[in-house]
> 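Starting off with a structure, shown below.
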Protein chains: 2
Amino acid sequence: MAGRTAFDLDADEVVDAALALLEEEGLDAVSMRSVGARLGVSPVPLYSRVGNKDALLEAMAARLMAGMAPAVDEGEPWVDYAVRWATAVRRRFARTAELRLVLGNSRAPFVEATRPLIDTLRRAGFAADEAVQACRLLLWAVAGFATIEGGTVRDRPTRGRRPGGDPSGVSRTEADHLFAVHVRYVVEGIARDHEATGVDG
Amino acid sequence: MAGRTAFDLDADEVVDAALALLEEEGLDAVSMRSVGARLGVSPVPLYSRVGNKDALLEAMAARLMAGMAPAVDEGEPWVDYAVRWATAVRRRFARTAELRLVLGNSRAPFVEATRPLIDTLRRAGFAADEAVQACRLLLWAVAGFATIEGGTVRDRPTRGRRPGGDPSGVSRTEADHLFAVHVRYVVEGIARDHEATGVDG
DNA sequence: ACCTGAACACCGTTCAAGT
DNA sequence: ACCTGAACACCGTTCAAGT
């Protein structure tokens, strides 16, 4: 088991190492060299496993976002599930403060997370395109919020930014409140538009 | 006038050069070396003018966002102004596709843009904290939207991303529609909450 | 075949040396 | 005083050389 070399090594292990580095030392510490070093390998073999650095970042994002959507309760009203879904997505973002940087690369992981919400809306009587639009709205709202939030509540020093010096920064509880209101507005809007169109059935 | 050296050179000129580089070649082309070179100067003098690269990015963001808020019409209902304001903020973002990266650094420019909206809400009878919350909601909603939008509608190749290959990507007109609905939901939500509290007067 | 070390063309930042 | 060139400690990526 100590006989591990670069010859066995798959993409998952590379992503594991990169995520460990992200968690322990932040995104700046994730480089092809540092990931290789953590695996006891030169940077070169990583290219055959994950492509290049952009692709590695995408794979990290995909792993962090996998299974993001909460399970659907059977008789749960769609409004409740939508709020739970939005909250879960936001929380997954919050877990990794610097994810907003990872995020720049692909939104594919979000699409996967979207399916259970779409299904729930369809079961609630939304037309296909109506459900897609509602889901997109909520996804963009939450992802956007989380992205901004990630920038506002920064915990890594970045040299010379004194805490509380940014007047647009909000506290954790203010952000929580802002998020709750925001999601409520969007969900209520979706509900009202839905009622206005689907009076039959 | 050809006798320009590094000895006269102020922060504004540095920011000018950096923005020109941003517009012409993208954010990756903006480095302390490249900005210096465009000014015919070594990278060293830039440090006494703008601090460091983070500070330069902040200054660029501030310049791009300056005067972002549209002028207030006298008798205009606050709802109309709020929508105009949101639209203007979004447009300012869209102008610089990679601004979302510049954005990571400071939200101070947004705070400045916020004032006319706050004033309009106050004149419409919003309490101080109510106006601040409404404004924050709209700001976060729009900034978040624009950030995601900037990542989705990418025009720079980034090696190996085929156009239309990202299923979460939406077309320009879809994004426009999404934005309009999103802003409407938030503004309507603000209006309803306001009516619910401020029945007197 | 698939690794490693060295190399290329870059970074941000600092420092000794010049004028 | 304030510049420049060189340096330091990094990048992502590629390539010749080794096994």
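Values reported hereafter were calculated over all heavy atoms of this structure, with side chains retained and with hydrogens, waters and symmetry mates removed. Letters A, B, ... are given to chains in the order of the sequence lines, protein chains preceding strands, and every chain is numbered from 1.
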> Check the distance between C:dT13's C1' and B:R49's CZ and give it to me in whole angstrom.
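So the two atoms are 16 Å apart, to the nearest Å.
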
> To the nearest 0.5 Å, what is the distance between OG1 on A:T114 and CE on A:M68?
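Reported value, rounded in 0.5 Å steps: 7.5 Å.
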
> Salt-bridge test for B:D129 and B:R136: reply yes if a basic N is under 4.0 Å from a carboxylate O, no otherwise.
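Salt bridge between B:D129 and B:R136, a charged N being under 4.0 Å from a carboxylate O: no.
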
> What stems involve DNA chain C, if each pair must be Watson-Crick or G-U and both of its distances must be under 3.5 Å, with 3 or more such pairs in a row?
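Result, WC/G-U stems under 3.5 Å: C:4-8 with D:12-16, C:12-16 with D:4-8.
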
> Does A:V181 have any side chain to side chain contact (heavy atoms under 4.5 Å, CB included) partners at least two apart in sequence or in another chain, and if so, which?
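A:V181 satisfies side chain to side chain contact (heavy atoms under 4.5 Å, CB included) with A:H177, A:R184, A:Y185, B:Q133, B:L137 once adjacent residues are dropped.
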
> Within the side chain of A:W85, is there an N or O that forms a donor-acceptor pair under 3.5 Å with the backbone of A:L139?
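Not confirmed, A:W85 side chain does not pair with A:L139 backbone.
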
> Among C:dG12, D:dG12, D:dT13, which nucleotide sits nearest the side chain of A:S31?
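Closest of the options to the side chain of A:S31: D:dG12.
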
> Using whole Å, report how far CG of A:L9 lies from P of C:dC3.
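In whole Å, C:dC3 P and A:L9 CG are 8 Å from each other.
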
> Name all residues meeting the side-chain hydrogen bond (donor to acceptor under 3.5 Å, both in side chains) criterion together with B:R192; count only those two or more places apart in sequence or in a different chain, and write none if there are none.
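Once residues adjacent in sequence are excluded, the partners of B:R192 under the side-chain hydrogen bond (donor to acceptor under 3.5 Å, both in side chains) criterion are A:E188.
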
> Quick one: list whatever passes salt bridge (Lys or Arg N to Asp or Glu O under 4.0 Å) with A:D73, sequence neighbours left out.
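Salt bridge (Lys or Arg N to Asp or Glu O under 4.0 Å) check on A:D73 returns nothing, list empty.
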
> Starting from P on D:dC11, measure out to CG on A:L56 and report it in whole angstrom.
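Distance, rounded to whole Å: 14 Å.
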
> Can you list the residues that meet the salt bridge (Lys or Arg N to Asp or Glu O under 4.0 Å) rule with B:D80, with sequence neighbours excluded?
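B:D80 satisfies salt bridge (Lys or Arg N to Asp or Glu O under 4.0 Å) with no residue once adjacent residues are dropped.
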
> Take the protein atom CG of B:D28 and the nucleotide atom C1' of C:dG12, then report the distance between them rounded to whole Å.
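That distance rounds to 15 Å.
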
> How many Å lie between NZ on B:K53 and P on D:dC10, as a whole number?
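Distance, rounded to whole Å: 18 Å.
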
> Report the residues that fulfil side chain to side chain contact (heavy atoms under 4.5 Å, CB included) with B:A66, sequence neighbours left out, ordered by chain and then residue number.
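With sequence neighbours excluded, B:A66 shows a side chain to side chain contact (heavy atoms under 4.5 Å, CB included) to no residue whatsoever.
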
> Assign each of B:P45 and A:M32 to its nearest nucleotide of DNA chain D by heavy atoms, then name whichever residue's nucleotide is nearer the 5' end.
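This one resolves to B:P45.
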
> To the nearest angstrom, how far is A:L46 atom CG from D:dG12 atom P?
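Between P of D:dG12 and CG of A:L46: 10 Å.
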
> Which side-chain N or O atoms in residues 116-123 of chain B pair as donor and acceptor under 3.5 Å with protein atoms at least two apart or in another chain?
residue: B:T120; atom: OG1; partner: B:P116; partner atom: O; Å: 2.9
residue: B:R122; atom: NH1; partner: B:F126; partner atom: O; Å: 2.8

> I'd like a list of close polar pairs between nucleotides 16-19 of chain C and the protein, N/O only, cut-off under 3.5 Å.
none

> Among the nucleotides C:dT13, C:dT4, D:dT14, which one has an atom lying closest to any side-chain atom of A:Y47?
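Side chain of A:Y47 sits closest to D:dT14.
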
> Please list, by residue number, the residues of residues 33-42 of chain A whose heavy atoms come closer than 4.0 Å to an atom of DNA chain D; answer none if no residue qualifies.
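Residues of residues 33-42 of chain A under 4.0 Å from DNA chain D: A:R33.
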
> With sequence neighbours excluded, give me every salt bridge (charged side-chain N to carboxylate O under 4.0 Å, His left out) pair touching residues 34-46 of chain B.
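Salt bridge (charged side-chain N to carboxylate O under 4.0 Å, His left out) check on residues 34-46 of chain B returns B:E24-B:R38.
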
> Could you tell me which residues satisfy side chain to side chain contact (heavy atoms under 4.5 Å, CB included) with A:S42, sequence neighbours excluded, listed by chain and number?
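Side chain to side chain contact (heavy atoms under 4.5 Å, CB included) list for A:S42, sorted by chain: A:V44, A:P45.
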
> Can you sort out the partners of B:R84 under salt bridge (Lys or Arg N to Asp or Glu O under 4.0 Å), two or more places apart, ordered by chain and number?
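Listed in chain order: B:E76.
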
> Looking at the side chain of A:V44, which of D:dT13, C:dT4, C:dG12 is the nearest nucleotide?
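Side chain of A:V44 sits closest to C:dT4.
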
> In whole Å, what is the span from the CG atom of B:D8 to the P atom of D:dC2?
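About 12 Å, once rounded to whole Å.
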
> For A:F7, answer base if it contacts any base atom (sugar-phosphate contacts may also be present), sugar-phosphate if it contacts only those atoms, and nothing otherwise; contact means non-hydrogen atoms under 4.0 Å.
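Since only primed, P, OP1 and OP2 atoms lie under 4.0 Å of A:F7, the category is sugar-phosphate.
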
> Out of C:dC3, C:dT14, D:dC3, which has the shortest distance to the side chain of B:S48?
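Nucleotide nearest to B:S48's side chain: D:dC3.
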
